[in-house]
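Right, one structure below, let's go through it.
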Amino acid sequence: MKVTSLEPQRKNKERLNLYVDRVFHSGLDVGTAARLGLYEGKEVTALEISSIDSEDEYQKCMNSALGLASRRMQSEREYWQKLGKKYDKPLIGRCLDRLRELGYANDQEFAQMWVRERSGTRGVRLLSQELKLKGIDKGIIENLLAQIEPARQQSAALVLGSKKYKITATRDENYSRVISFLTRKGYSYSVAKATFAKLLEINKTTD
């Protein structure tokens, strides 16, 4: 068998139409063709043709994974969940191996990014819940959250709580609004209570 043509597709120049013995065989990624050393006139065996198909599916999976990574960092569980809608487990596993090599799959770095970007609007309880849902190891979660200084959490809670505190509302109404909001955001009751006390103090000062 011989590769008789490798034609760029009209709608996607990153894909080629592969013809073997003048008969259309399949579409394939430009990168796949280059990696396999395909060119017009090359002699190929039935086994090599099968390899072409599997390699192109791998390239599609990798392209999908890199597309996810370009939008934001993903946890490994997220890759499994999102790629699993279209690709089988062995293929995803192979892609993840490559993503780790490239630095696009690293749960430690993902968790650090998640905490860094969200610790100003979430308490440690909610951060822990979110990271667990992302499939992050319990040890990683505990180590990262232990590094968040209580003063930082209290300061963030004060900023959030002040948005719910209304001067025109009664003390009980403000207590309910602030405490329920902060606990939903993952702050402990003690942090929420201390925040409310601070808001009372601030607003007495400004009266």
Side-chain angles (χ1 to χ4, degrees), residues 1-122 126-141 143-144:
M1 293 186 289
K2 180 185 294 186
V3 175
T4 49
S5 182
L6 283 168
E7 299 177 355
Q9 295 182 356
R10 291 182 180 180
K11 295 184 178 181
N12 186 351
K13 299 303 181 183
E14 297 301 313
R15 301 279 297 173
L16 302 171
N17 289 327
L18 169 65
Y19 289 81
V20 177
D21 293 339
R22 301 186 183 282
V23 177
F24 175 76
H25 174 72
S26 66
L28 76 161
D29 191 88
V30 171
T32 301
R35 189 167 59 252
L36 295 176
L38 296 179
Y39 56 87
E40 293 182 3
K42 181 176 181 177
E43 296 286 345
V44 290
T45 64
L47 183 60
E48 287 174 320
I49 289 295
S50 177
S51 176
I52 289 170
D53 295 336
S54 63
E55 283 300 304
D56 190 53
E57 194 67 7
Y58 164 73
Q59 189 63 54
K60 288 179 182 178
C61 185
M62 276 300 299
N63 289 345
S64 296
L66 292 172
L68 292 171
S70 70
R71 289 194 282 275
R72 72 159 173 79
M73 199 172 190
Q74 309 281 320
S75 70
E76 290 203 11
R77 177 178 288 180
E78 287 182 305
Y79 280 122
W80 280 108
Q81 291 174 334
K82 295 172 184 179
L83 296 175
K85 296 176 181 178
K86 189 172 181 180
Y87 304 101
D88 60 32
K89 290 183 178 180
L91 191 59
I92 297 172
R94 183 183 172 192
C95 285
L96 271 173
D97 287 341
R98 181 58 177 155
L99 290 168
R100 293 186 195 103
E101 292 175 1
L102 295 171
Y104 291 121
N106 185 314
D107 277 356
Q108 174 73 40
E109 292 183 4
F110 172 86
Q112 290 172 336
M113 175 274 296
W114 193 269
V115 171
R116 182 174 61 252
E117 294 184 355
R118 292 165 174 77
S119 58
T121 58
R122 291 160 170 78
L126 183 55
L127 287 169
S128 177
Q129 291 173 353
E130 291 176 338
L131 289 171
K132 286 176 183 176
L133 289 174
K134 299 298 182 183
I136 306 303
D137 180 78
K138 181 180 178 180
I140 292 176
I141 295 173
N143 288 336
L144 281 176

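Ion pairing of Glu14 with Lys60 is absent here, as no side-chain N (NZ or NE/NH1/NH2) approaches a carboxylate O to less than 4.0 Å. With respect to the salt-bridge test (charged N to carboxylate O, under 4.0 angstrom), the residues Arg94 and Asp97 do not qualify. Salt bridge status for Arg72 with Glu117: absent, with no side-chain N to carboxylate O gap under 4.0 Å.
Nearest heavy-atom pair across Glu57 and Leu91 is CG-CD2, 3.5 Å. Closest non-hydrogen pair, Tyr19 versus Phe24, comes out as CD2-N, 3.3 Å. Nearest approach of Leu18 to Leu6, heavy atoms of both residues: CD1-CD2, 3.6 Å. Closest heavy-atom contact between Ile140 and Ala111: CG2-CB, 3.9 Å. Contact record, Leu16 with Gln9: O-NE2, 3.6 Å, taken as the closest heavy-atom pair. Closest of all the heavy-atom pairs between Asp107 and Ser75 is OD1-CA, 3.5 Å.
Contact of the Leu68 side chain with the Tyr104 side chain is not registered, since no non-hydrogen atoms from C-beta on lie closer than 4.5 Å. Side-chain contact between Asp21 and Lys2 is present, with heavy atoms from C-beta onward closer than 4.5 Å. Under the 4.5 Å side-chain criterion, counting only non-hydrogen atoms from C-beta, Leu28 is in contact with Leu38. With contacts defined as side-chain heavy-atom distances shorter than 4.5 Å, the pair Glu101/Arg98 qualifies.
Judged by distance alone, with hydrogens and angles left aside, the side-chain atoms of Arg77 form a donor-acceptor pair with the main-chain N or O of Lys132 at under 3.5 Å.
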task: Show the numbers, then the answer: is there a side-chain contact (heavy atoms from CB on, under 4.5 Å) between Thr4 and Glu40?
output: CA-CA 5 Å; Thr4 49; Glu40 293 182 3; over 6 Å; no
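Within 6.0 Å of atom OH in Tyr87, more than 12 heavy atoms from other residues, nucleotides or ligands are found, so the atom counts as buried in its surroundings.
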